[in-house]
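Chain letters run A, B, ... following the sequence lines, proteins first, then strands; residues in each count from 1.
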Amino acid sequence: MADRYDPQEIEKKWQQKWADDDLYKVRDDDPRPKWYSLTMFPYTSGDLHIGHWYNNIPADVHARYMRMRGYNVLHPYGFDAFGLPAENAAIKRGIHPFKWTMQNIYNMRRQVKSIGAVYDWSREIITCLPEYYKWTEWFFLKLYEAGLAYRARAPVNWCPDCQTVLANEQVVGEGVCERCETPVIRRDLEQWFFRITKYADELLNFDGIDWPERIKSMQRNWIGKSFGTEISFALDHPGVAEKEIKVFTTRPDTVFGVTFMVLAPEHPLVAGLTSPEKKAEVEAYVLKSRRQSEIERLSTEKEKDGVFTGAYCVNRLNGQKVPIWIADYVLLSYGTGAVMAVPAHDERDFAFAKKYRLPVPVVISPPDWDGRDLKEAYIEPGTMVNSGRFDGLPSQQGIDAVTAYLAEKGWGKRTVSYKIRDWLISRQRYWGAPIPIIYCKKCGTVPVPEKDLPVLLPEDAEFKPTGESPLKYHQQFFNTKCPKCGGPAERETDTMDTFVCSSWYFLRYTSPHYEKAAFDSAKMKHWLPVDFYTGGAEHAVMHLLYARFFIKAIRDIGIVDFDEPFLRLFNNGIILSGHEKMSKSKGNVVNPDDYVNSLGADTLRGYFMFLGPWDQGGEWDDSGISGMSRWMKRIWTLVLDDYKSAGSRGDLELARFTHRTIKKVTEDIEKIRFNTMVAALMEFTNYLGKVKDEGSVGNPAWDLAIKTLLLLLAPTAPHISEELWHRAGYDYSIHSQPWPHWNEDLVKEEEITLVVQVNGKVRDRIAAPASITGQEAVQTALDSARVQPYLEGKQVVNKIYVPGKLVNIVVK
RNA sequence: GCCGAGGUGGUGGAAUCUGGUAGACACGCCAUCUUGAGGGGGUGGUGCGCGUAAGCGCGUCGGGGUUCAAAUCCCCGCCUCGGCACCA
């Protein structure tokens with residue numbers, strides 16, 4: 001009798017030994033081919049929960065598999081430590097964010113180590129330490145020098161609860177803050193932006209990278225490229241210098257149907273255009289729309305309203321005077337912030353026109369139009385009417401024809417519009433990397449010289465949010481000298497969005513302690529780009545888009561020489577608890593420690609692998625975990641317990657099963673189908689149990705089968721496989737062994753189950769040699785006693801034979 | 001409204017890419033054996049209906065279609081989940 005399987009003991013033992021031996025230390029000069037496998041680093045807002053494990057474990061299994069396949073695998077771990085949530089949590093508890101964050105890291109690191117992953121802890125990075133954020137600041141300077149970071153006054157998303165601005169990507173759902181779910185409001189502020197819009201087109205190109213369709217489609221959607229026409233309406237108004245108003249439209253074929261113009265309330269021309277008698281009304285409306293939350297403003301339920309400015313412009317195509325209105329359904333941030341309203345052919349314009357009794361002339365005729373007024377907007381293609389020289393043209397052709405005519409006259413041109421906005425990176429908060437900029441009365445905006453980096457985040461600042469950056473009130477930080485003229489100057493007091501920190505962390509892992517630069521260039525070139533990147537899909541239009549932009553930007557600056565950071569992306573699903581995402585604030589987190597302490601890390605690892613397809617996620621349910629625990633015990637006794645008397649199971653059959661399992665497991669890991677990989681290993685275990693009961697153990701085929709089982713199990717359950725490997729007398733470590741190969745000859749079946757159908761219904765299953773010919777198979781089928789009754793009195797009209805599988809007899 | 005992913009036993013899921021034995025593997029449940037004490041173990045059964053059984057019929061969201069053969073391919077519809085959404 002072997003001793004009992006005691007996961008706590010063996011897991012602790014081997015983790016200690018692996019650490020002592022530096023077994024997972026990654027060498028840059030290893031001659032084997034490199035494989036950079038990265039899992040998204042966790043955010044340090046609290047303890048790890050099983051959602052993190054669900055992210056990390058299958059990635060670790062894959063990395064372990066690649067090691068055994070002979071690759072030099074870099075699979076590092078670190079912590080995303082700056083940012084709002086950590087700061088908010090710290091404030092709530094009355095502790096300093098640095099202390100809070102480092103406490104969390106201390107505990108998270110302990111938890112992560114308990115999973116027995118291959119992380120090389122000597123490469124750990126923490127983004128809130130000066131040795132890291134020095135280089136975040138450095139990248140900011142590089143982007144600034146290249147004109148890719150700029151400061152501008154703009155209407156921005158303001159979270160009243162977090163008391164800071166947010167990037168567009170961080171406003172989610174119905175206009176609420178991504179972190180605290182407070183409705184955001186609009187404010188006009190002077191802020192720092194990264195020019196991501198410059199890369200809009202390149203970011204739409206996913207050639208050469210293997211990403212899930214879902215993520216690509218979300219990014220395309222977010223970038224929102226649409227082709228259209230810019231049309232200039234003539235303006236002659238004493239209040240403004242401009243002689244035109246430009247609009248963007250995808251329907252230039254409807255331009256003869258324009259009956260009014262709508263500007264966004266924040267449009268710069270509004271003040272100048274408003275006539276004295278409309279002034280009060282317009283100003284009230286502008287104020288109202290500014291005060292509204294995004295939810296109210298963007299609600300499609302809300303009835304469209306607006307006010308007339310009293311001014312007019314001219315539609316150059318027909319010379320008509322067009323009244324200029326303002327309405328909050330027009331967005332300043334899209335197109336030109338001005339819309340030519342064609343009520344007959346746009347639902348929103350139609351509703352607006354009805355409300356304010358504006359004319360609705362039809363210029364695109366529906367196929368069977370009777371000439372009467374429309375009951376609703378007609379937005380489908382049709383025939384152009386009341387459109388001068390374009391009458392009779394199909395509207396699809398009209399789009400090009402009108403655009404060409406406008407271009408010829410100089411009144412417009414073909415153009416492209418994007419939904420994506422530049423990335424707003426300023427945060428009026430304490431817990432972030434300082435923006436390395438100094439404002440001097442004499443010299444203006446002056447970047448901090450590289451030699452003065454890092455601009456240290458002062459530890460003794462009063463960090464509670466006030467709506468302005470807390471650093472403004474820290475005199476030693478705020479007051480400084482101008483690097484150019486030496487005169488008195490002030491520091492930029494906003495900090496950077498934490499997504500800036502995570503836009504380059506995968507570069508730092510290649511040389512995490514390098515002091516002369518953000519990374520050692522030779523090492524970066526060796527490892528990058530990342531071969532396999534895994535993590536949750538919640539980052540589709542944030543981190544994953546920002547990181548792609550960042551790489552393209554620093555490529556153009558000459559810092560890196562590749563185009564895409566992540567060659568293959570796999571998005572794992574999300575583990576839910578109570579049908580919601582796990583989060584500390586919702587109080588529904590499930591802690592993995594209890595499972596590790598009671599059942600062991602290997603069991604929990606195996607359970608995550610077995611749950612279902614990794615990209616699916618789902619509700620957390622531990623009711624099946626006992627099955628995984630039983631399997632571990634079965635393997636334990638299978639390998640260690642004595643066996644019974646001699647039996648008769650053939651070596652060849654054993655070898656065949658072994659090789660078929662190698663093939664199945666290998667292919668499943670390659671295709672990231674971990675649940676069926678585990679199932680195959682379970683089947684193999686069940687089979688070996690039967691073989692053992694019959695007694696044919698102790699021979700070379702049995703030894704090979706057990707050895708293979710342990711090797712195939714090693715990535716999933718690294719501790720038990722190491723222990724059993726050791727006890728079976730093989731050399732340490734199982735994790736340094738090559739992955740087993742299969743012999744294709746042994747994988748082939750010798751015997752098949754011939755399925756016999758009559759008219760497509762299964763009537764018999766007959767064991768047959770794999771070498772059976774079509775003729776023999778059909779004859780076997782016809783001879784079957786089970787099949788005969790279905791043929792009686794019928795005429796056989798067709799016989800289908802699928803080699804190695806089935807015969808279908810078609811009768812009439 | 002638009003984009004994406006899905007819908008299979010009591011449950012998680014397999015088979016879908018490549019049309020060919022639906023329900024692998026596991027949980028749960030039922031029966032049975034084992035003095036068996038801390039998350040027991042063995043054996044058998046378990047889609048639904050009829051039947052002691054052999055077996056027969058019905059079954060992969062609904063409706064059509066293609067095919068000798070459809071969970072799988074095509075069309076229409078319904079539902080669920082995720083994302084985007086007054087984008088002119």
*Asks:* Rounding to an integer number of angstrom, what distance separates A85(B) and C2(B) when you compare their C1' atoms?
*Replies:* 8 Å
*Asks:* Which nucleotide, if any, forms a Watson-Crick or G-U wobble pair with A5(B), using both distances under 3.5 Å?
*Replies:* U80(B)
*Asks:* Roughly how many Å apart are U72(B) and G23(B), using the C1' atom of each and rounding to a whole number?
*Replies:* 15 Å
*Asks:* For the C1' atoms, the ones on G13(B) and on A26(B), what distance do you get once it is rounded to whole angstrom?
*Replies:* 9 Å
*Asks:* By nearest heavy atom, map Met218(A) and Asp346(A) onto RNA chain B; which one lands nearer the 5' end?
*Replies:* Met218(A)
*Asks:* Mind checking Val762(A) for me? I need base, sugar-phosphate or nothing, with any heavy atom below 4.0 Å counting as a touch.
*Replies:* sugar-phosphate
*Asks:* Starting from P on G12(B), measure out to CH2 on Trp620(A) and report it in whole angstrom.
*Replies:* 15 Å
*Asks:* Tell me which one of Met609(A), Arg605(A), Met682(A) satisfies side chain to side chain contact (heavy atoms under 4.5 Å, CB included) with Met628(A).
*Replies:* Met682(A)
*Asks:* In this structure, is the centre-to-centre distance between the rings of Trp620(A) and Phe608(A) below 6.0 Å?
*Replies:* yes
*Asks:* If you compare all heavy atoms of Pro789(A) against all heavy atoms of Arg786(A), which two are closest, and at what distance to 0.1 Å?
*Replies:* CD-O, 3.5 Å
*Asks:* Output the single nucleotide from G55(B), G28(B), A69(B) whose closest atom is nearest the side chain of Arg786(A).
*Replies:* G55(B)
*Asks:* Using the C1' atom on both, measure U21(B) against G59(B) and round to a whole Å.
*Replies:* 15 Å
*Asks:* Rounded to whole angstrom, note down the P distance from G10(B) over to G19(B).
*Replies:* 30 Å
*Asks:* Do Arg548(A) and Trp211(A) meet the cation-pi criteria used here (NZ or CZ under 6.0 Å from the six-membered ring centre, within 45° of the axis)?
*Replies:* yes
*Asks:* At 4.0 Å (heavy atoms only), tell me whether Lys799(A) reaches a base, stays on the sugar-phosphate, or touches nothing.
*Replies:* nothing
*Asks:* Give the nucleotide from the list A69(B), C27(B), C86(B) with an atom nearest to the side chain of Asn808(A).
*Replies:* A69(B)
*Asks:* Starting at atom CE of Met628(A), determine the distance to atom C1' of G13(B), rounded to an integer number of angstrom.
*Replies:* 13 Å
*Asks:* With respect to the side chain of Leu611(A), which nucleotide from C84(B), A88(B), G12(B) is positioned closest?
*Replies:* G12(B)
*Asks:* From the set G20(B), C86(B), A88(B), return the single nucleotide nearest to any side-chain atom of Lys304(A).
*Replies:* C86(B)
*Asks:* Return the nearest nucleotide to the side chain of Arg630(A); candidates are C17(B), G28(B), A85(B).
*Replies:* G28(B)
*Asks:* Looking at C25(B), C68(B), C27(B), which one has an atom nearest to any side-chain atom of Ser626(A)?
*Replies:* C27(B)
*Asks:* Considering only the C1' atoms, how many Å lie between G63(B) and G7(B), rounded to the nearest integer?
*Replies:* 16 Å
*Asks:* Contact class for Arg214(A) (heavy atom, under 4.0 Å): base, sugar-phosphate, or nothing?
*Replies:* sugar-phosphate
*Asks:* For the ring pair Tyr356(A) and Phe260(A), is the centre-to-centre distance below 6.0 Å?
*Replies:* no
*Asks:* For RNA chain B, determine which residues of residues 595-606 of chain A have any heavy atom closer than 4.0 angstrom to one of its atoms, and list them numerically.
*Replies:* Ser598(A)
*Asks:* Where is the tightest heavy-atom contact between Trp631(A) and Leu681(A), given as atom of each residue plus distance?
*Replies:* CZ2-CB, 3.6 Å
*Asks:* So if I take every side-chain heavy atom of Pro613(A) and compare against A14(B), C68(B), A26(B), which nucleotide ends up nearest?
*Replies:* A14(B)
*Asks:* Let's see if you can work this out: which of A88(B), A14(B), C58(B) has an atom nearest to the side-chain heavy atoms of Thr676(A)?
*Replies:* A14(B)
*Asks:* For G9(B), does the O4'-C1'-N9-C4 (purine) or O4'-C1'-N1-C2 (pyrimidine) torsion place it in syn, i.e. within 90° of 0, or in anti?
*Replies:* syn
*Asks:* What's the closest nucleotide to the Phe610(A) side chain, out of C84(B), G28(B), A26(B)?
*Replies:* A26(B)
*Asks:* My understanding is that a pair needs two contacts under 3.5 Å, Watson-Crick or G-U wobble. By that rule, which nucleotide pairs with C58(B)?
*Replies:* G47(B)
*Asks:* Measuring from the side chain of Tyr790(A) (C-beta onward, heavy atoms only), which nucleotide among G83(B), U21(B), C56(B) has the closest atom?
*Replies:* C56(B)
*Asks:* Return whichever of Arg634(A) or Asn675(A) has its heavy-atom-nearest nucleotide of RNA chain B closer to the 5' end.
*Replies:* Asn675(A)
